[in-house]
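Residue numbers start from 1 in every chain, and the chains themselves are labelled A, B, ... in the order their sequence lines are given, proteins ahead of strands.
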Amino acid sequence: MASIDTDARSRAGRRPNRLFKNMNAKLASLPMMFTALVVFLGGTIWTITYSFTSSGLLPRLEWAGLEQYARLWSSRKWLVSIENLAIYGFLSLILTLVIAFILAALLDRKIRGEDTFRTIFLYPFALSFIVTGLVWQWILNPQFGVQDVVRDLGWTNFNFDPLNNPEIVLYGLLIAGLWQGTGLIMCIMLAGLRGIDEDIWKATRVDGIGTVKTYLVVIIPMMRPVFVTSLVLIGSGIVKLYDLVVAQTSGGPGISSEVPAKYVMTSMFGGQNLGQGFAASTMMMLSVIIILIPWAYLEFGGRKRG
Amino acid sequence: MKLTTKLLAATAICGAGAASATELEVMHWWTSGGEANAVSKFAEAWNAAGNTWVDGAIAGGGDTARPIMVSRIIGGDPPAAFQFNHGRQAEELVEAGMILDITDVSEQEGWADIITPSSLLDSCTYDGRVFCVPVNIHSWQWMWLSNGAYEAAGVDVPTTWTEYVETADAVREAGIVPLAMGGQSWQQNGSFGVMALALAGQDAWLAVNQDKDSEVVMGPEYTRVFEAFGAARELSDGLNVQDWNQATAAVINDTAAAQIMGDWAQGEFALAGEVAGEDYSCLPGLGEVALLDTGGDAFFFPVTGDPEIEAAQKELAALMLSPEVQVSFNSAKGSLPVRPDVDLTTVNECTQKGLDLLAEGSTVPSGNQLLSPDTTTQLNDLMTEFWESPSMTPAEVQEQYAAIIADAD
């Protein structure tokens, strides 16, 4: 690396072409750039193109105009899916951040057995969503799970059966999702908290600011990059929510816990209607772009110039 | 006849010549105990002929297995044979020229004469050419009743749907759930199809499913069906199960009185050691209109371009329909054979009822044969939404059902 650096410096006077700067790094990232272009961009364009066709089991270029989209938006199941994802996403985002931060802050208070607790909290993340879904299906099952245990303890009228109640089935999913996801976010937050300089704490103590207030007013603003990372991780987890639903409720009861990703899979492979699945996935991507682009612009674009 | 025999021998020799080097990979989704046993009958017969059967079982049912098979086929690495339900699922693969034309085998073997009902061969036929081998018949139109549950309720086991609904209150008072229904959408939509055929009659049912006539859906016959389905929804309150075999288990251990489910449910009764007529009763066509649909499984053979494999594929196609294999396979699977000139080894009261109906020709095409998978998925979604949301009225679901039928291709 040193030789390249001196090379670059010696040529600096001749205003080298910017394209050839850091040649090694650029060469090394070529495969990834190629993958990104062909697989991601190419795949996306292909999907969008075919979403305007009447492709069934096999992709066929028979134009159908906006027919697939019209059907998509008149489908009750799609509307329910979106509503579910919005509710799940909102609650999951807030609760994951809050719970993970509280857990991280508690661990950060130099308690005894921190390693043990950290492992326990992180462990669920090592499971696949399918396992998590099945485990929570059993835990929430009224005949063997929580309801049965509480009834055996004496509260015979206790009712807790979220997975069979269309009104609250989403919260059953949410519990499982949080159980699995908070551990990782907690670890990231903990790392962020460890990165805060001890002197900050000393300074706040000198100023007589309480612990909770220090966290809220001083520490959290300092942990902005950590929160951004967490946000991206949680967000991508929410959008691709699929396996948990399949394992835990398979969309039921009725269609009350359907999610967009499941709609895509069912119409593509169950219904042998690729066009409909592509239209749905295009809409999913569009919504992600609408949220992501302005935010990414504000977060990354603005700072570079500033 | 002589010519046929000669041709047969010729095929067999060709096949045997090729066989020493031919391995055929067969993909299917039969993984439960009874199903795997049934597949092994095919494999044994195939291996006995000097070939090698490479088993490509995919767990997780048809919805999981079909995409894997399709991606193998369009990805240029097709298996030698694969299972689909007979009907419209493989339509597009055939149109794309990816499936081997086995019309010659069909003519040699005289399938047109032996396959009963003939609609089975029809649904393997596209533009006059044959592309698949139907291997068994499963029908949906059955209601399974627990004799023990009716004894506990102190009423006779009903013989019609009308009687069943009348006795439902007595059953409920005995603390038994009148109707067992699993939570998966195909079960709810399937049960509705059974009720529609039984309560609206064959003509109305065919008008809707075959001719896609949405006006019949709004007509008086179907109105009655939707109302009965709405009433059935209340009869199932109190039992929350997902899988069909859990619902069957509820009937077996008398916590539920009845279940509407296809004849594959009988395998569960047999496994639990129950005897037809003593421990459980069966009502084909809900005891109203005794008609059976003829769904089931069929094997397709992808085009490989290798003449050796092609000969072996055709040999396998002929083998699957040979009398011995039909008997051993269907006895293990619990399904009915596609040729009437063979005798199953074990036949109980309910299977006999089914065989009699087939012999009389009281059959209709199955939903898979008439409706595209796309339409079926839409109907599944609609019926499951209705079943799980008590606020949705039969009139609402009727209108949406009509809209889906009007759009169906």
Side-chain angles (χ1 to χ4, degrees), chain A residues 54-60 62 64 67-68 70-72 74-81 130 134 137-138 140-145 147 161-167 169 246-258 262-277, chain B residues 60-71 73-74 84 88-98 182-188 233 237-243 371-392 396-397 400 403-404 407 409:
Chain A
S54 58
S55 298
L57 177 64
L58 306 171
R60 274 184 310 200
E62 274 168 26
E67 208 174 273
Q68 300 285 11
R71 176 167 147 198
L72 182 70
S74 63
S75 153
R76 279 268 306 142
K77 188 172 148 193
W78 175 249
L79 298 177
V80 169
S81 303
I130 297 286
L134 279 178
Q137 192 189 60
W138 293 330
L140 298 177
N141 183 308
Q143 271 137 22
F144 326 107
Q147 176 176 315
D161 187 9
L163 296 189
N164 286 311
N165 183 344
E167 308 284 322
V169 62
V246 170
Q248 212 180 342
T249 66
S250 44
I255 54 170
S256 50
S257 61
E258 290 285 345
K262 187 164 177 295
Y263 184 95
V264 172
M265 292 297 280
T266 329
S267 41
M268 275 164 73
F269 300 121
Q272 298 187 355
N273 189 340
L274 287 181
Q276 183 68 21
Chain B
D63 286 346
T64 317
R66 275 190 295 270
I68 299 177
M69 296 173 183
V70 170
S71 67
I73 294 164
I74 53 183
F84 260 29
R88 299 180 56 183
Q89 289 167 349
E91 224 169 47
E92 285 191 42
L93 289 174
V94 172
E95 280 169 20
M98 289 173 169
Q184 291 160 343
S185 58
W186 64 270
Q187 298 178 44
Q188 290 141 359
R233 179 169 66 176
D237 281 349
L239 183 75
N240 282 323
V241 291
Q242 277 296 312
D243 295 321
L371 300 172
S372 70
D374 192 25
T375 311
T376 310
T377 310
Q378 283 177 287
L379 292 178
N380 281 351
D381 293 341
L382 175 64
M383 297 326 271
T384 193
E385 187 189 0
F386 172 71
W387 194 265
E388 302 290 353
S389 18
S391 59
M392 204 168 165
E396 279 169 359
V397 73
Q400 295 182 34
I404 294 174
D407 281 345
D409 51 358

Task: Working for side chain to side chain contact (heavy atoms under 4.5 Å, CB included), residues A:N273 and B:T377 - done: CA-CA 10 Å; A:N273 189 340; B:T377 310; over 6 Å; no
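- Only the side chain of B:E95 comes within less than 4.5 Å of a heavy atom of chain A; its backbone N, CA, C and O stay farther away.
- Taken from CD1 in B:I73 to CE in B:M98, the straight-line distance is 8.0 Å, to the nearest 0.5 Å.
- In this structure, chain A has a heavy atom under 4.5 Å from the side chain of B:Q378, while its backbone stays farther away.
- Neither the backbone nor the side chain of A:N141 has a heavy atom closer than 4.5 Å to any heavy atom of chain B.
- By the salt bridge (charged side-chain N to carboxylate O under 4.0 Å, His left out) test, B:D374 pairs with A:R71, sequence neighbours left out.
- Across B:Q89, B:E91, B:Q242, B:R66, the residue that shares the most heavy-atom pairs under 4.5 angstrom with chain A is B:Q89.
- For the pair A:Q68 (side chain) and A:L274 (backbone), a donor-acceptor distance under 3.5 Å is absent.
- Contact of B:T384 with chain A is made through backbone and side chain together, with heavy-atom distances under 4.5 Å.
- The main-chain N or O of A:W78 is found under 3.5 Å from a side-chain atom of A:S75 such that the two form a donor-acceptor pair.
- Using a 4.5 Å cut-off between heavy atoms, B:Q188 makes no contact with chain A at all.
- Remark: B:V70 engages A:L57, A:L58, B:I74, B:F84, B:L93 in a side-chain contact (heavy atoms from CB on, under 4.5 Å) (not counting sequence neighbours).
- Looking at A:P166, the atoms closer than 4.5 Å to chain B (heavy atoms on both sides) all sit in the side chain, from C-beta outward.
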